[in-house]
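Heavy-atom basis, side chains included; hydrogens, waters and symmetry copies ignored. Indexing begins at 1, ligand by ligand and atom by atom, following the structure's order.
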Amino acid sequence: MSCTNPTTPEHKETETPAPPLDSLEPGLEELLSSKLLNASFDGNSQLVSQLLKQGADVFCGDETGRTPLHFAAASGDIQTMKLILDAGLPWNVLDQGSYTAGDYALQTAKSTSAYNYLVDFGYQTELVFKTTADNTNNSSRIPISNTTQPLPTTQISKPSQDSPSNSIPNEDYLNSSITYQGDRLIDSLNNGVMMEWEEPIMEHHAKAISHKPSPKVLNIGFGMGIIDSKLQNFNPSLHVIVEAHPDVYKYMLDNKWHQKPNVKILFGRWQDCIQQIIDLGPFDGIFFDTFGEFYADLLHFHKVIFSKSYHILASDGVYSFFNGLGGDSLLFHDVYCKVAKYDLTHLNVNTVYAPITVDLDSINEKTWENIRRPYWMLQQYNLPICTWSS
Ligand SMILES: C[S@@+](CC[C@H](N)C(=O)[O-])C[C@H]1O[C@@H](n2cnc3c(N)ncnc32)[C@H](O)[C@@H]1O
């Protein structure tokens with residue numbers, strides 16, 4: 001079988017179709033690369049193994065940035081994928097259309113097992129990576145909030161928009177101006193801080209944490225106040241809102257949130273309000289949805305609220321967080337859902353992801369008009385429901 005173009009995943013469009021591989025420049029290295037890409041697309045693990053031994057560069061790619069892993073995933077052959085991954089090509093490599101190998105496994109090979117293999121490989125790799133980072137005292141730089149997605153460890157074809165240098169450090173965001181514009185709250189760089197399409201998701205989150213009558217609830221991050229309005233419908237006996245941005249705080253006061261029943265606003269970063277949170281707790285329900293923070297911050301928050309000595313979440317309490325982890329790539333999202341669950345398990349927390357179907361019409365092109373980049377493109381939202389393990 002000759003290596004023409006594997007079908008591009010259908011849900012995105014590539015601007016230029018990939019040129020055929022035989023247009024590569026002649027020369028030994030190019031020849032080996034071309035053979036490797038072809039053998040990968042054929043799912044010919046024997047030949048792939050041979051070529052790698054002969055010195056074929058596993059980091060090679062075609063003109064559209066498709067690597068041997070993309071081609072192997074398009075073949076659906078797990079053994080071929082394994083050889084390529086073991087040779088050092090990262091699981092999260094993107095082509096120029098920002099497709100992962102997972103996209104090719106699902107859309108071209110239509111192979112769930114090949115896709116799941118990638119998810120498991122990515123998960124194992126991230127755990128090792130995290131352990132190494134923890135041991136060397138580096139905090140994890142996986143972004144968690146709306147503008148961002150997981151950080152690819154290697155980028156072959158184009159620079160990632162998600163590299164830490166392009167992500168928003170929380171402090172910079174908190175010092176910049178934001179604007180309420182109808183159905184959206186945007187920052188000074190036109191990132192969507194919060195958008196109305198999330199309303200149904202927020203409704204589910206509010207319901208999940210308001211699991212008993214007149215609950216005591218804590219919400220971190222007010223944004224457009226969507227979840228807080230939903231929480232008010234459950235007649236909370238105490239409704240604490242932590243918000244750090246001065247413009248959002250002003251908006252809250254302008255809209256008389258401080259006068260709503262049983263609402264208490266803590267103005268400041270949640271990191272600086274921990275003692276007040278402890279004093280007001282324990283809470284029956286807690287929700288977390290900030291902006292410009294990283295997975296390390298989310299994990300920090302989890303360590304605080306699930307600390308037995310702080311007793312912030314009641315023993316029968318329910319915690320949830322906005323699960324935007326890798327929200328524009330199914331593979332990244334699935335891997336980071338597993339990583340988050342793993343970390344929560346180690347804090348003695350049981351996590352279930354409730355699947356919520358996102359109305360794709362609500363996240364069409366128009367939704368993202370004038371927004372720097374879409375931060376959610378998936379049909380299934382995995383709503384975390386976290387409770388203490390017995
Ligand atoms: C995505 S919005 C929250 C949207 C909200 N869930 C809603 O339903 O409208 C994130 C909010 O978190 C706030 N925020 C960001 N960093 C914070 C921090 N460290 N502590 C408290 N609030 C923070 C932002 O200013 C913003 O208002």
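- At least one heavy atom of G268 lies less than 4.0 angstrom from ligand 1.
- Not one N or O of D228 is nearer than 3.5 Å to an N or O of ligand 1, by distance alone.
- Ring centroids of Y295 and Y336 are separated by 6.0 Å or more, keeping the two rings apart.
- Residue-level proximity to ligand 1 for N170 is carried by the side chain, the only part with a heavy atom below 4.0 angstrom.
- Below 4.0 Å from some heavy atom of E293 lie the following atoms of ligand 1, by number and element: 19 (N).
- Against a heavy-atom cut-off of under 4.0 Å, M224 is close to the following atoms of ligand 1: 9 (O).
- Between D228 and K260, none of the side-chain N atoms (NZ, or NE/NH1/NH2) sits under 4.0 Å from a carboxylate O, so this pair counts as no salt bridge.
- L69 has its side chain within reach of L85: a pair of non-hydrogen atoms, C-beta onward, lies under 4.5 Å apart.
- Distances between N or O atoms of G223 and those of ligand 1 include at least one value under 3.5 Å.
- In the vicinity of A244, heavy-atom distances shorter than 4.0 Å reach the ligand 1 atoms 17 (C), 18 (C), 20 (N), 21 (C), 22 (N), 23 (C).
- Proximity of Q271 to ligand 1, defined as any heavy-atom pair under 4.0 Å, is confined to the side chain (atoms from C-beta onward).
- Within the 4.0 Å heavy-atom criterion, the part of F222 lying near ligand 1 is the backbone and not the side chain.
- Ring centroids of H302 and F321 are separated by less than 6.0 Å, placing the two rings close together.
- Residue contact check: M202 has heavy atoms under 4.0 Å from atoms 6 (N), 8 (O) of ligand 1.
- Between F306 and Y319, a ring centre-to-centre spacing shorter than 6.0 Å is recorded.
- Note on ligand 1: Y173 sits in its first shell, one or more heavy atoms being nearer than 4.0 Å.
- For V248, every heavy-atom contact with ligand 1 shorter than 4.0 Å involves the side chain, none the backbone.
- A centroid separation of less than 6.0 Å is found between the aromatic rings of Y381 and H205.
- An N or O contact shorter than 3.5 Å links G225 to ligand 1 by distance.
- Set against the non-hydrogen atoms of I227, the atoms of ligand 1 under 4.0 Å away are 6 (N), 7 (C), 8 (O).
- Residues forming a ring-ring contact (aromatic ring centres under 6.0 Å, His included) with H258 (at least two apart in sequence, or on another chain): none.
- Just one of F121, F332, Y117, Y123 meets the ring pair (Phe, Tyr, Trp, His ring centres under 6.0 Å) condition when paired with W91; it is F332.
- Close approach of ligand 1 to V193 (heavy-atom distance below 4.0 Å) involves ligand atoms 1 (C), 2 (S).
- Heavy atoms from other residues, nucleotides or ligands lying under 6.0 Å from CD of Q259 number more than 12.
- Ring to ring, F222 and H245 are not that close: their centroids are 6.0 angstrom or more apart.
- Polar contact with ligand 1: present for I226 (N/O pair, distance under 3.5 Å).
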